[in-house]
Amino acid sequence: MGKIEGSELVAQAIAKEGVDVLFGLPGGPIVEIMGFAPHHGVRPIGVRHEQAAAFSATAWGFVQNKVGVCVLAAGPAVTNAVTGAHVAYDNCMPLLLLGGSGPQGGRYSGTFQETENVPMFTNITKMAVQVDSAARIPYFMAMAFRTAKSGRPGPVYLDFPSDVLQEQVDEDQVDWPTGTFSGAPPAGNPESVKEAAELLLNAERPAMIIGKGVRWSEPTEELAQMVESLGMPFLTSPMGRGFIPDDHPMNMGSARSSIMRDADVILVVGARLNWMFDFGRRFAPDAKIIHIDIEPEEIGINRAVEVGIVGDAKVALQQILAEIEGKTEGMADKAEEGPWLNALREKAETNAKSLEPLMASDESPIRTYRLLSEIQSVFPRETIYTVDGQTTLATGRQVLSSHTPASRLNSASNGCMGVGVPFAVGAKLARPDVPVVSVNGDCAFGFNAMELETAVRHNLPIVFIVNNNSGIVGGNLESRMGLPEGYEERIAQFTPEIRYDKLIEAFGGHAENVTDPDEIRPALERAYAATLRGQVACVNVISEPMETMVTSSNRASALMGY
Ligand code: ADP
């Protein structure tokens, strides 16, 4: 047996985990990890900014149901990914960040790009530690993967001093740990399950809220059985969509205010009652909450629960289904004719109708609602959408539907702009077989627009759409607050009608620029056709700068599309 370098051990560990894609921007001291990767069946994706590396890895992990991995050179390359770690942490998504740092022997002596990386990540990861020797790399990597995907998933940061990566060790002295992860999903307490079943069987106005935490065990059949056997309407969080198809008749997403306000028993699965659900304050004070979450500390945080079930979503739902088996006969039919479902359906229909004129609008400049409605009708059912922005995000929530698990990605719990483009890169690598469409406001697009070049270089045929309203909500700041007389500089209004499509032309992809509503559909069809030929497409759509969003209130959650 010969010698093996630390960097190669890292590449091997990634491959052993079944991760076959690695995101990063090559640079010392991690560049060799990227170099060794393809020798071990891991495809390195060279991005243009480390923030994008972390975002793309997170999206890849969400779509694949695995731990996405990114490598970060050192110093600024590592700090550039701090936002990525924060977004993964805030969204409870697994991610492994592998950062480089100076040699152990040179600490505090002013080595190149010297930083204390571990403390930077401590508060925004499940674990942040430094690896102390090449021989222990397999141990640290196993620990990192286990931590990222165990219980509530989240990001892990491993710091690699350059001498650890460059160290040569005898291959026969490297111990590859086995049996490092128990994949067995935890079951809920049987007593709590019984209580939950009892509440649901006796509810007059039951409802279910589905969050993106269901991603990790994908209980698609169990969720559908719950709503169908009990006649229970449901709504989802922004990324909890598609685990039951949006067009399921029990989906009352269009009547979310009513359902939250009027339900008497609410089953929350894989979602937190944080700002997005107004901390549970929108529920009736006497509504009984059943909360299933894998993280015990989540139960009862902002709103008293009647029953808390600590366990995996799929297992806990199976337990409840077993408990209600044989006791639900006629419930669904009764619900169909009952006042609860009818009132919600009426509300959902009225809300949907109020959007119809906006979606059909032939106004110029183009309305965002019209653009999104055309997108919805051009791309197939199984399309993965990444949606980013403010107007675009809010409107997207109302107009775009999702029908398959993990097919809707956006900034979700975090509200971070800039995720749309790199999330699409990660999603396409995870599911090359389905169309990936990235819909971005122009401000959001700007954060990571250079990743279009990454998409072209790595042959990732994605349709990128820029809803270009020339600024942040069309320059909301100037219009709301005014500016001193004679003050010419603009802050939230960008240069009007920028031709973002020229970017993809420069990179060698398919470009479309749209100014007239009637041009939207043909342009989208041409862009889609280009992706089917293997090209990356960018459609720049000049839209109404002052789009009026249809929101239930001015709460942050409503303005973010919720
Ligand atoms: P959303 O934004 O969709 O509402 P959140 O990110 O707020 O979702 O919440 C996801 C929740 O799902 C977290 O509290 C997390 O602990 C929980 N979770 C993660 N994995 C599982 C699982 N396998 N089973 C049940 N709950 C889970």
Side-chain angles (χ1 to χ4, degrees), residues 58-59 61-62 65-67 86-95 126 147-155 181-189 192-193 196 208-220 222-223 226 234-244 246 253 256 260 266-280 282-283 289-303 305 307-320 387 393 397 402 405-416 419 423 556-557 560-562:
T58 303
F62 185 74
N65 196 355
K66 284 186 180 167
V67 182
H86 168 57
V87 167
Y89 193 56
D90 212 5
N91 280 298
C92 309
M93 291 184 181
L95 170 69
K126 286 181 81 176
T147 305
K149 64 189 178 182
S150 294
R152 168 185 281 174
F181 179 66
S182 156
N189 174 303
S192 309
V193 168
M208 178 159 71
I209 292 180
I210 304 169
K212 63 178 163 335
V214 302
R215 195 297 150 260
W216 314 111
S217 55
E218 212 171 296
T220 47
E222 291 81 359
L223 290 167
M226 288 297 290
F234 73 93
L235 59 87
T236 76
S237 70
M239 278 180 66
R241 293 174 88 139
F243 296 94
I244 304 181
D246 269 349
R256 56 200 324 109
M260 285 204 255
I266 304 175
L267 172 62
V268 182
V269 193
R272 285 170 293 173
L273 298 181
N274 55 14
W275 69 274
M276 219 184 300
F277 290 100
D278 211 19
F279 311 98
R282 288 163 83 187
F283 303 151
I289 313 296
I290 305 164
H291 196 168
I292 302 175
D293 202 294
I294 205 158
E295 174 67 54
E297 287 160 28
E298 191 54 45
I299 312 267
I301 277 195
N302 292 312
R303 163 77 203 219
V305 296
V307 182
I309 301 180
V310 179
D312 169 67
K314 189 179 177 89
V315 179
L317 289 172
Q318 282 171 349
Q319 289 176 289
I320 297 177
V387 189
L393 190 67
R397 197 269 291 165
S402 294
S407 62
R408 177 65 70 88
L409 287 82
N410 53 39
S411 48
S413 319
N414 191 259
C416 178
V419 296
F423 270 8
S557 53
M560 301 268 331
Y562 209 57

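What you see is a predicted model, and the numbers here were worked out from it, not measured in a lab. Counting starts at 1 for both ligands and their atoms, in listed order. Positions are given from 1 along the sequence.
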Starting from atom 21 (C) of ligand 1, locate the nearest protein heavy atom and write down its residue, its atom name and how far away it is, to 0.1 Å.
Gly213 O, 3.4 Å

Are the side chains of Leu317 and Ile292 in contact, using a 4.5 Å heavy-atom criterion?
yes

Would you say Gly151 has any N or O atom under 3.5 Å from an N or O of ligand 1, going by distance alone?
no

Do Ile294 and Pro186 come within less than 4.5 Å of each other through their side chains, counting heavy atoms only?
yes

Backbone or side-chain N or O of Glu298 under 3.5 Å from ligand 1 N or O:
no

Report yes or no: does Gly311 have a heavy atom closer than 4.0 Å to ligand 1?
yes

To the nearest 0.5 Å, what is the distance between CZ (Arg272) and CZ (Phe279)?
11.0 Å

At under 4.0 Å between heavy atoms, what of Pro153 touches ligand 1? The answer is side chain

Are any of the N/O atoms on Asp90, whether in the backbone or the side chain, positioned under 3.5 angstrom from an N/O atom of ligand 1?
no

Atom 24 (N) of ligand 1 - nearest protein heavy atom and its distance:
Ala313 N, 2.8 Å

Pro155 and side-chain contact (heavy atoms from CB on, under 4.5 Å): which single residue from Thr147, Leu95, Val67 fits?
Leu95

Any N or O on Asp293 sitting closer than 3.5 Å to an N or O of ligand 1?
yes

Top protein contact for atom 7 (O) of ligand 1, by heavy-atom distance:
Arg272 NE, 2.7 Å

CZ on Phe423 to OG1 on Thr58, rounded to 0.5 Å:
6.0 Å

Return a yes/no value for Ile294: is any of its N or O atoms, backbone included, closer than 3.5 angstrom to an N or O of ligand 1?
yes

In terms of side-chain heavy atoms, does Ser413 have a donor or acceptor partner in Asp90 at a distance below 3.5 Å?
no

Glu295: numbered ligand 1 atoms lying under 4.0 Å from its heavy atoms
16 (O)

Which of Pro296, Cys92, Pro94 passes side-chain contact (heavy atoms from CB on, under 4.5 Å) with Arg152? It is Cys92

Name the closest protein heavy atom to atom 23 (N) of ligand 1, giving the residue it belongs to and the distance to 0.1 Å.
Asp312 OD1, 2.7 Å

Identify the closest protein heavy atom to atom 2 (O) of ligand 1: which residue and atom is it, and at what distance?
Lys212 NZ, 2.6 Å

Could you tell me whether Ala271 approaches ligand 1 through its side chain, its backbone, both or neither, with non-hydrogen atoms closer than 4.0 Å?
both

Which residue and heavy atom of the protein sit nearest atom 10 (C) of ligand 1, plus the separation:
Gly270 O, 3.2 Å

Look at ligand 1 and say whether Ala412 reaches it with a heavy atom at a distance under 4.0 Å.
no

For the residue pair Ala313 and Val269, what are the closest heavy atoms and their distance?
CB-CG1, 3.7 Å

Considering all heavy atoms of both residues, which atom of Gly188 and which atom of Gln319 are nearest to each other, and what is their separation?
N-OE1, 2.8 Å

Atoms of ligand 1 under 4.0 Å from any heavy atom of Gly211, numbered from 1 in the order shown, are 3 (O)

Atom indices of ligand 1, in the order listed, that fall short of 4.0 Å to a heavy atom of Trp216
19 (C), 20 (N)

Could you point out which residue of Ile266, Leu235, Leu267, Thr236 forms a side-chain contact (heavy atoms from CB on, under 4.5 Å) with Met208?
Leu267

Below 4.0 Å, non-hydrogen atoms only: which portion of Met276 touches ligand 1? Side chain, backbone, both or neither.
side chain

Any chance the side chains of Arg408 and Ser402 put a donor and an acceptor closer than 3.5 Å?
yes

Proximity to ligand 1 by part of Asn91, non-hydrogen separation under 4.0 Å
backbone

How about Phe234 and Ile209: do any of their side-chain heavy atoms sit closer than 4.5 Å?
no

Heavy-atom closest contact (Ser217 atom, Asp312 atom, distance):
OG-OD1, 2.9 Å

Identify, for atom 3 (O) of ligand 1, the protein heavy atom at the shortest distance, and state residue, atom and that distance.
Ser237 OG, 2.4 Å

